[in-house]
Undergrad: 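Dropping the structure in here first, questions after.
So you know, we letter chains A, B, ... as the sequences are listed, proteins then strands, and number each from 1.
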Amino acid sequence: MGGLTTLSGFEYVAPTDLAAAATALRDAGGRACVLAGGTDILVQLREGMRAADLVIDVKKIPELLQLDYATDSGLCLGAATPCYQVNTTADVAEAYPALVDATRIIGGWQIQSRASVGGNLCNSSPAADSIPPLLVYQAVCHLAGPEGRRSIPVHEFCTAPGQNSLQPGELLATLTLPPQSASAGSAYQRFIPRNEMDIAVASAASWMELDDSGSTIQSARIALGAVAPTPVLAEEASQFLVGKAPTEENFAAAGALARQVASPIDDMRGTVEFRVHLAGVLTQRTLALAHRRIQES
Amino acid sequence: MAKKTHVTTTINGEETEFLCEPRQSLLEVLREGLDLTGSKEGCNNGNCGACTVMLNGLPVDSCLVLAVEAEGAEITTIEGIAQQGHLHPLQQCFLEGAALQCGICTPGFIVGAKALLDRNPNPTEEEIRFNLAGNLCRCTGYDKIVRSIQEAAERLQSAT
Ligand SMILES: Cc1cc2nc3c(=O)[nH]c(=O)nc-3n(C[C@H](O)[C@H](O)[C@H](O)COP(=O)(O)OP(=O)(O)OC[C@H]3O[C@@H](n4cnc5c(N)ncnc54)[C@H](O)[C@@H]3O)c2cc1C
Ligand code: FES
Ligand code: FES
């Protein structure tokens with residue numbers, strides 16, 4: 001064969017039924033892996049970071065390709081629905097701007113045509129761009145396994161770098177995001193050394209809802225990426241904002257509190273000190289942007 | 001060796017059948033099985049875009065698609081961009097605008113740019129750069145590529 005680096009051999013199945021996929025996954029006993037857009041898993045298989053005897057393509061299962069949105073019920077997002085489709089669905093982009101801030105920067109267009117939010121979550125990288133937005137929207141993960149179904153809040157999903165609470169044979173079927181009121185706004189930003197196509201050094205998502213007068217924050221949530229073993233909610237910073245005015249001073253104070261949940265590592269992308277600093281700055285900026293978006297809507 | 005799978009797909013408008021192993025990427029099968037060597041391998045991990053093809057109308061890195069996933073799909077490769085022996089305006093403008101040097105990145109840029117112009121016939125410079133951020137070029141410095149795409153967009157629009 002020619003010079004292309006190849007994957008080692010495996011069988012491939014593309015079931016159309018979720019229960020069949022879960023059974024196949026369980027029966028293979030750890031020697032199977034799920035294929036959604038393949039932008040993580042095919043790289044990992046090729047580089048030998050993972051091995052598989054069976055690849056289960058879930059893109060033929062209709063439930064996993066859903067993108068159902070209604071203003072009163074919110075979003076039901078199939079685990080394998082590609083980012084490109086999320087980005088180009090206008091009412092979804094309008095209701096969940098922080099999610100789309102993330103899905104628009106996961107790789108370039110070629111990656112977004114394939115990469116799914118579900119795959120981003122199941123790969124469970126501390127730097128995964130879609131997870132902080134899912135945290136601030138309080139998304140719910142709907143799982144399907146050979147024994148049946150269960151649902152867990154997204155903040156219980158990731159457990160360590162690359163690890164999550166999926167049990168053997170269990171798949172992520174859908175994610176649901178609650179409906180958004182007109183007085184809610186959100187934003188996601190990351191810091192990378194270039195504009196596109198890189199992994200976050202640190203990131204933050206912010207969500208807030210104002211009261212009827214628009215002068216007081218009724219509820220707020222802040223989540224950070226790439227500064228801890230999993231993406232994390234900054235609870236204290238979020239609570240601090242409740243009942244306060246949406247001002248730059250309060251956003252800066254929330255940023256300072258958010259820094260306290262950052263327990264990052266030193267690596268080639270950034271030092272501990274720099275990442276902690278970024279956590280504060282990105283919190284402040286995303287709060288300001290979330291607020292601006294409420295005013296503009 | 002794993003048993004081969006039979007795949008039926010449409011490539012550049014023609015129904016095509018091939019046998020492949022599940023582990024083979026679409027890029028591998030295009031280049032080595034079907035002799036469609038226009039799609040290039042730069043990185044084989046989704047970073048460079050040299051292997052870009054359209055899969056059901058959307059640009060993808062064919063190094064990150066399994067060939068078995070092409071079952072029932074419509075694929076357009078660089079070989080399908082010129083029509084009836086005539087270069088596509090994008091190809092013509094890349095030549096005239098010196099938008100290539102070694103040429104490894106060119107098929108990926110042309111397919112990606114075609115996907116963009118199919119959806120957005122009059123993109124801004126920023127939209128071109130954003131949508132082609134997944135295509136890397138180590139030779140040209142990108143400016144000539146961007147200008148050639150803008151020129152092609154103008155020609156396509158004045159032709160319709
Ligand atoms: C060039 C390039 C750039 C990238 N840039 C970014 C970036 O900027 N930000 C970022 O966050 N990521 C980035 N990534 C990583 C990757 O694209 C994302 O994590 C993507 O969202 C993964 O989705 P996928 O559908 O391709 O997942 P896959 O690769 O198909 O799957 C990912 C993992 O999840 C598992 N899985 C998938 N679906 C399910 C399911 N339904 N149930 C159970 N398990 C499942 C798979 O087995 C695998 O372990 C990049 C990757 C590349 C190659
Ligand atoms: S060869 Fe596919 S992206 Fe580089
Ligand atoms: S012309 Fe050489 S990489 Fe682009």
Undergrad: At a 4.5 Å cut-off on heavy atoms, which part of Leu116(B) comes close to chain A: side chain, backbone, both, or neither?
TA: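 Leu116(B) touches chain A through backbone and side-chain heavy atoms alike.
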Undergrad: With a 3.5 Å cut-off and no angle check, do the side chains of Thr89(A) and Tyr69(A) form a donor-acceptor pair?
TA: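 On atom types as modelled, these side chains do not qualify, holding no pair under 3.5 Å.
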Undergrad: Where does Leu45(A) contact chain B at under 4.5 Å (heavy atoms): side chain, backbone, both or neither?
TA: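 When you check distances to chain B, no heavy atom of Leu45(A) falls under 4.5 Å.
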Undergrad: Can you tell me which portion of Gln112(A) sits under 4.5 Å from chain B's heavy atoms? Options are side chain, backbone, both or neither.
TA: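 Looking at Gln112(A), nothing touches chain B.
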Undergrad: Taking 4.0 angstrom as the limit, do Arg293(A) and Asp101(A) come out as a salt bridge?
TA: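 Yes, charged N to carboxylate O under 4.0 Å.
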Undergrad: With rounding to the nearest 0.5 Å, note down the distance linking CG in Leu30(B) to CD1 in Ile11(B).
TA: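 Nearest 0.5 Å value for the CG-CD1 distance: 5.5 Å.
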Undergrad: Tell me, side chain or backbone of Val53(B) under 4.5 Å from chain A's heavy atoms, or both, or neither?
TA: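 Val53(B) has no heavy atom closer than 4.5 Å to chain A.
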Undergrad: Run the salt-bridge test on Glu69(B) and Lys59(A) with the 4.0 Å N-O cut-off and return the result as yes or no.
TA: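 Counted as a salt bridge, because a side-chain N and a carboxylate O are separated by less than 4.0 Å.
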